[in-house]
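See below for the structure under consideration.
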Amino acid sequence: MNDLLCLGIETSCDETAAAVLGRDGRLLGSVVASQIDLHEAFGGVVPEVAARRHLERIGPVVREALAQGGIRSEDIGLVAVTRGPGLAGALMVGLSWAKAFAFARGLPLVGVNHVVAHAHAAYLHTAPRYPDLALVASGGHTDLFLLEGPREVRVLGRSRDDAAGEAFDKVARSLGLGYPGGPAIERLAQQGDPGRAPLPRVGLFRDSLDFSFSGLKTAAQTLRRQGLVPQDIAAAFQAAVFDQLWERSALALRQTGCRRLIFAGGVSANGYLRERLGDALRRQGLALLVPPMGHSTDNAAMIARLGLTMYEAGERSPWDMGAEPVIHPFKP
Amino acid sequence: MSGGWLCIETTGDVLGVAVLGADGGLLAEIGQQAPRLHSALLVPAIAEVLRLAGLSQASLGQIAVDRGPGSYTGIRIGLAAAEAMGDALGIPVYGVPGLWASAASRSLEGLYAPALDARREDAFCALYEVRQHGLPLEWIAPGMRPIGEFLEACRPFGRPVEVMGDAAGRHGELVRGYPFVRIGPSQMGAARLGLFAIRAREEALDDALSTAALYLRPPAATTRRADG
Ligand SMILES: [Zn+2]
């Protein structure tokens with residue numbers, strides 16, 4: 001095999017994932033083992049439960065990813081792994097695995113930022129092109145940033161309270177829906193009328209592109225207690241989330257001069273948000289770039305994608321690289 | 001069996017790595033006081049111990065790793081690294097029950113109680129009898145319990161008990177209050193893991209050598225927000 005193959009490993013939250021990506025962009029294997037069933041009863045991720053499951057799954061998941069592409073461990077030329085942000089105990093499982101695997105085979109290692117990697121999921125079906133504006137929204141983060149290069153990231157805005165996906169989960173719970181809340185709210189909202197549930201709009205913070213979802217969440221919960229029907233609340237909540245995401249993104253596009261918006265992270269799997277963002281961008285002659293199907297939520301293909309790009313830019317991580325549960329302001 | 005043994009110990013404050021020859025002869029060993037730094041320091045320590053032993057990664061034949069009990073994070077760091085190296089090199093990985101291996105590292109016949117500090121009054125502990133032949137016999141199964149309660153359970157044996165591991169130091173006054181207790185070494189070294197694996201395989205006790213983590217406790221259920 002002449003192509004450089006990168007093994008990507010991701011264990012930052014509640015998905016154990018491994019993937020093999022070629023430098024030429026071919027995705028040879030990709031496996032994501034979800035733990036949603038384990039954490040459902042708690043309405044959130046239990047860190048120690050997650051870390052234990054990662055250790056049980058990491059070996060089989062890596063082996064299956066290699067097997068999908070008919071790849072032997074000696075064919076791998078580079079190892080990329082998530083170093084943060086995420087749950088410390090969970091991150092350490094993937095990091096220990098990745099470092100030991102790379103060391104045993106004498107391979108270069110690249111540690112990557114999980115949030116920046118989410119944005120790079122959009123580069124799984126098109127070559128990276130910098131600068132690019134990225135909006136990453138998930139259960140753990142809502143970040144708007146300018147990718148100036150694989151290792152140069154400028155944060156423009158972030159959530160000041162709940163992450164967007166977290167707000168979806170909490171509103172879903174107050175509407176009696178299951179966890180995770182995103183897909184449940186999207187389905188319910190299709191039968192609702194957003195005009196029948198008045199929700200506050202969160203204006204821009206002065207001199208800032210930051211987000212806030214906590215007030216929106218509380219207002220939605222209050223409407224439920226006042227007896228409004230869940231369908232209308234779900235529709236109104238989703239529309240209000242769109243308004244905020246679009247308002248900030250539109251301003252950032254104007255400020256940076258970028259001609260397209262990368263929308264990634266678990267919340268970008270929401271069809272309603274994708275469609276409305278796409279429409280809004282098209283009306284201004286701009287483009288929406290989203291990850292391929294199934295790569296909005298946590299996966300290892302995005303880790304390999306960013307790892308390869310950073311490697312080509314000269315990045316090499318040391319063997320004593322540690323986990324960085326909180327990277328603030330985040331580094332690539 | 002051919003090729004060297006790599007032994008990995010990450011369950012306590014001391015990070016231990018050792019390299020043994022195929023026959024179990026000690027080639028190199030490192031013990032490093034490094035609480036909370038095992039994730040960062042493990043691979044550099046492995047690189048160093050291989051250099052001291054004059055071996056390359058490719059000349060390893062098998063890996064022995066402490067699978068618990070001890071620090072939950074530490075257990076996972078060691079097991080994940082050992083499994084990854086096993087996969088990368090195509091060699092077997094043996095997970096070693098840490099308390100049993102500690103007792104097995106003692107040669108004089110008698111009762112031994114490996115006990116690891118588990119915070120507050122608790123210890124991960126067990127009681128074994130070292131005999132002339134074979135691996136130590138288990139009298140009290142590994143578990144997490146208040147150290148005083150455990151020592152009370154050792155009293156009816158009516159014989160001296162050597163308490164090994166860091167729990168004795170942590171609860172010195174309490175432990176020394178038991179007249180039948182003798183304080184043993186607080187650190188046993190990573191080489192004991194490979195030596196235990198060799199003996200367990202000779203005695204066809206391969207079941208003891210799985211790579212399932214030995215936490216001995218269910219996880220505490222406090223949640224954090226999900227990601228996606
Ligand atoms: Zn994520």
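We name chains A, B, ... by the order of the sequence lines, and we start the count at 1 in each one.
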Neighbours of chain A found in residues 10-20 of chain B - heavy atoms under 4.5 Å: none
Part of Leu37(B) lying under 4.5 Å from any heavy atom of chain A: neither
Keeping the roles fixed (side chain from Arg76(B), backbone from Val93(A)), state whether a donor-acceptor pair exists under 3.5 Å. no
With rounding to the nearest 0.5 Å, note down the distance linking CD1 in Ile58(A) to CG in Asp87(B). 10.0 Å
For chain B, which of Arg63(A), His54(A), Glu56(A) has the most heavy-atom pairs under 4.5 Å? Arg63(A)
side-chain contact (heavy atoms from CB on, under 4.5 Å) test vs Ser96(A) passes for just one of Leu42(B), Ile77(B), Leu79(B), namely Ile77(B)
Do Phe103(A) and Gln57(B) make a side-chain contact, defined as non-hydrogen atoms from C-beta onward lying under 4.5 Å apart? yes
So for Ser73(A), is it side chain, backbone, both, or neither that comes closer than 4.5 Å to the heavy atoms of chain B? side chain
For Lys99(A) against Ala40(B), the heavy-atom pair lying closest together: NZ-CA, 3.8 Å
For residues 35-50 of chain B, which residue pairs pass the side chain to side chain donor-acceptor pair (under 3.5 Å) check, not counting sequence neighbours? Glu48(B)-Arg51(B)
Would you say Val43(B) and Asp320(A) make side-chain contact, with heavy atoms under 4.5 Å? no
Output the residues of residues 208-218 of chain B for which the shortest heavy-atom distance to chain A is under 4.5 Å, in residue-number order; output 'none' if no such residue exists. Ala213(B), Tyr215(B), Arg217(B), Pro218(B)
What pairs with Gln35(A) under side chain to side chain donor-acceptor pair (under 3.5 Å), at least two apart in sequence or on another chain? His39(A)
Tell me whether Trp319(A) at atom CH2 has more than 12 heavy atoms from other residues, nucleotides or ligands lying less than 6.0 Å away. yes
Return the minimal non-hydrogen interatomic distance between Ala80(B) and Trp97(A), and the atom names on each side. O-CE3, 3.2 Å
